[in-house]
Novice: 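To start, I am sharing the structure in question, which I have written as structure tokens.
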Amino acid sequence: SAQPYNEAYDGEAHSITAAANVEGATLYYTTTAPASEDDLETGRNWSTTAPTWTDVTAAPTVYVKAEHHDYETAYASATVTITKKAITANATDTATYDGTPKTLTITANDASGVVSGETLTLTGATITGTDKGVYEDVAEYTWSVAKADESDSTGNYTIEVTGTLTIDAVASKVTVTITENSDEVIA
């Protein structure tokens with residue numbers, strides 16, 4: 001029998017899970033489709049090593065056969081699907097209004113979901129505001145992910161970058177000075 005693999009990217013190599021129900025049977029694998037339903041052998045290169053995939057892949061079929069000298073050869077197939085892993089980057093900050101622009105920068109340090117040993121680079125993800133209020137519009141940014149060997153892994157991920165910059169009103173004291181009465185009228 002053959003069981004498919006269908007999970008999110010994790011940086012590890014994956015294949016189908018295959019098993020023979022007869023002890024001593026040898027499993028062989030190939031990714032070459034059969035010539036026909038009646039001809040399962042022609043043009044196929046079988047190997048005792050299961051093919052594996054590490055990066056995002058869309059359902060390649062792995063064919064497997066189990067051979068044993070006392071039994072008829074059995075065939076099965078299953079697919080390998082590795083989907084993109086989600087990265088989320090989120091940051092918050094609070095500032096007090098002073099009339100100058102405030103900027104929240106969301107960085108790779110604010111992110112989660114990157115496979116251990118891989119490095120996220122996130123550039124330009126900022127939220128800016130000047131007046132009192134709540135700001136959530138993230139500026140256009142670029143991002144990439146590199147594997148430990150520095151090869152590109154960006155295609156193995158999706159990313160969502162969010163943040164909240166809150167600018168509070170100035171907490172000022174109003175001082176009222178009352179002076180003694182005078183004959184002067186102030187209009």
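The figures here come from the full heavy-atom set of this structure, side chains too, leaving out hydrogens, waters and symmetry mates.
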Novice: With a 4.5 Å limit on heavy-atom distance, are the side chains of T126 and E140 in contact?
Specialist: no
Novice: Counting the benzene-type ring for Trp, do Y9 and Y157 have ring centres under 6.0 Å apart?
Specialist: yes
Novice: Can you give me the closest heavy-atom contact between D10 and Y5, atom names plus distance?
Specialist: OD2-OH, 4.1 Å
Novice: Please name the pair of heavy atoms, one in I159 and one in L120, separated by the smallest distance, quoted to 0.1 Å.
Specialist: CD1-CD1, 4.2 Å
Novice: Above 12 or not: heavy atoms from other molecules or residues under 6.0 Å from CG of D70?
Specialist: yes
Novice: How about Y71: does its OH atom have over 12 heavy atoms from other parts shown lying under 6.0 Å from it?
Specialist: no
Novice: For D137, does the CG atom sit with more than 12 other heavy atoms under 6.0 Å from it, leaving out its own atoms?
Specialist: no
Novice: Can T96 and D168 be said to form a side-chain hydrogen bond (donor to acceptor under 3.5 Å, both in side chains), step by step?
Specialist: CA-CA 5 Å; T96 301; D168 292 331; 5.4 Å; no
Novice: Can you tell whether the side chains of R44 and D39 come within less than 4.0 Å, N to carboxylate O?
Specialist: no
Novice: Apply side-chain hydrogen bond (donor to acceptor under 3.5 Å, both in side chains) to residues S153 and E118 and explain how you reach the verdict.
Specialist: CA-CA 8 Å; S153 190; E118 297 193 1; 3.0 Å; yes
Novice: Could you see if I127 belongs to whatever hydrophobic cluster contains Y97? Use Ile, Leu, Val, Met, Phe, Trp, Tyr and a side-chain cutoff under 4.5 Å.
Specialist: yes
Novice: State yes or no: do Y75 and V64 share one hydrophobic cluster built from I, L, V, M, F, W and Y residues joined by side-chain heavy-atom distances below 4.5 Å, directly or via other members?
Specialist: no
Novice: With a 4.5 Å cut-off on side-chain heavy atoms, are T48 and L27 touching?
Specialist: no
Novice: Could you give the distance from OG1 (T54) to CD (E12), rounded to the nearest 0.5 Å?
Specialist: 8.0 Å
Novice: Short question: side chain of D110, backbone of A91 - any donor-acceptor pair under 3.5 Å?
Specialist: no
Novice: Is P51 close to Y29 at the side-chain level, that is, under 4.5 Å between some pair of heavy atoms?
Specialist: yes
Novice: Is any side-chain heavy atom of V115 closer than 4.5 Å to a side-chain heavy atom of K85?
Specialist: yes
Novice: Less than 4.5 Å apart, any side-chain heavy atom of V161 and any of L122?
Specialist: yes
